[in-house]
Amino acid sequence: MALLFKKQLLELSVIDHIKSEQGRSGLAEHTRRNLRNIGKMYNAWLKLNKQQLSEKSLKCFLQNLQLKQSSATWNLSRQNLKKLLKHQPGIGDNYLKRVMIDEIFTDIKNLRQDKKVVDYLQYSQVLQLILGSDVKTALIIEFLFKTGCRISEMINIRPLDVNVDRQVRISVIGKGSKQRTVFIDYELYERISKHFKGVYYLFENSKHHKLDRSNLF
């Protein structure tokens, strides 16, 4: 595997040039963040253990990571590390080398995850969250609850995505760049507009910047 790479450490600048699976645009902000985090972790591990990029060091790193992460998180780390490796200089445009990395990861299996029973919040519990929060946080919780939007969908809503009538229709872009429509009542829309005063996005901070997904989460 060492022969696959031009450098001893991962080149993280490639992250900004990776396209989405649809190939039409760059990766979402949280995806780039996840790729960068696992890349930094692997590079730090290589330096600490005086190792270089190789199949052996990759497997050792992931085995060590199993002790620190849940199965779901580890599986995501594995997936992101594989993506990052396949886009390294000299590999991204070389079909044979990409296949070689795929073969390496066939020996590194995803961890089995125990099935969990999903427990949903009752309306009374959501209401308690709303009543116990500051105004803006309460509006965010109410909006997410009533629309079923993901945080990443909510923060990207622009004024031009909103069609105001008796019932407010909002176009959101979800996973896979698929567009769908959600609805809220006009009264909630008025309260959101009043407190967030969005110019570029429906939900903005006081400097008219888009809200940060990680902080909201």
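All values below were derived from every heavy atom in this structure, side-chain atoms included, with hydrogens, water molecules and symmetry-related copies excluded.
With a 4.5 Å cut-off on side-chain heavy atoms, Glu153 and Val182 do not count as touching.
In the hydrophobic clustering (ILVMFWY side chains linked at under 4.5 Å, chained through shared members), Leu127 is joined by Leu121, Tyr123, Val126, Leu129, Ile130, Leu131, Ile141, Phe145. Residue Leu67 shares its hydrophobic cluster (ILVMFWY side chains chained together at separations under 4.5 Å) with no other residue. Hydrophobic clustering, defined by side-chain heavy atoms of Ile, Leu, Val, Met, Phe, Trp and Tyr closer than 4.5 Å, groups Val99 together with Tyr95.
Among residue pairs with one or both ends in residues 70-79, none qualify as salt bridge (Lys or Arg N to Asp or Glu O under 4.0 Å); sequence neighbours excluded. Applying the salt bridge (Lys or Arg N to Asp or Glu O under 4.0 Å) definition to pairs two or more places apart or across chains, those involving residues 59-70 are Glu55-Lys59. The list of ring pair (Phe, Tyr, Trp, His ring centres under 6.0 Å) pairs with a residue in residues 180-202, not counting sequence neighbours, reads Phe196-Phe203. Pairs of residues two or more places apart, or lying in two chains, that qualify as salt bridge (Lys or Arg N to Asp or Glu O under 4.0 Å) and include a residue from residues 33-47 are Asp16-Arg36, Glu29-Arg33. Sequence neighbours left out, not one pair with a member in residues 203-217 passes salt bridge (Lys or Arg N to Asp or Glu O under 4.0 Å).
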Apply side-chain contact (heavy atoms from CB on, under 4.5 Å) to Leu81 and Leu58, showing your working. CA-CA 9 Å; Leu81 189 54; Leu58 174 64; 3.2 Å; yes
Apply side-chain contact (heavy atoms from CB on, under 4.5 Å) to Ile184 and Thr147, showing your working. CA-CA 7 Å; Ile184 59 174; Thr147 62; 3.4 Å; yes
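With rounding to the nearest 0.5 angstrom, the CD atom of Gln8 is 10.5 Å from the OG atom of Ser54.
Of the possible polar contacts, none joining the Asp165 side chain to the Val168 backbone as a donor-acceptor pair under 3.5 Å is found. In terms of modelled atom types and a separation under 3.5 Å, the side chain of Gln88 and the main chain of Leu10 share no donor-acceptor contact. At least one donor-acceptor pair closer than 3.5 Å links the side chain of Asn156 to the backbone N or O of Ser152.
Both Leu27 and Ile38 sit in one connected hydrophobic cluster of ILVMFWY residues. Membership requires side-chain heavy atoms under 4.5 Å apart, directly or through other members. Ile192 and Val199 are members of different hydrophobic clusters when ILVMFWY side chains are connected at heavy-atom separations under 4.5 Å. Under a hydrophobic clustering in which Ile, Leu, Val, Met, Phe, Trp and Tyr are joined whenever their side-chain heavy atoms come within less than 4.5 Å, directly or via other members, Ile18 and Phe105 fall into the same cluster.
Scanning for salt bridge (Lys or Arg N to Asp or Glu O under 4.0 Å) contacts around Glu187 gives Arg191, with sequence neighbours left out. Taking Asp161 as the reference, Arg158 meet the side chain to side chain donor-acceptor pair (under 3.5 Å) condition, with sequence neighbours excluded. Scanning for salt bridge (Lys or Arg N to Asp or Glu O under 4.0 Å) contacts around Glu190 gives an empty result, with sequence neighbours left out. With sequence neighbours left out, Ser124 forms a side chain to side chain donor-acceptor pair (under 3.5 Å) with no residue at all.
More than 12 non-hydrogen atoms from other residues, nucleotides or ligands lie less than 6.0 angstrom from CD of Gln125.
The pair Lys82-Asp102 meets the salt-bridge criterion, since a charged nitrogen lies less than 4.0 angstrom from a carboxylate oxygen.
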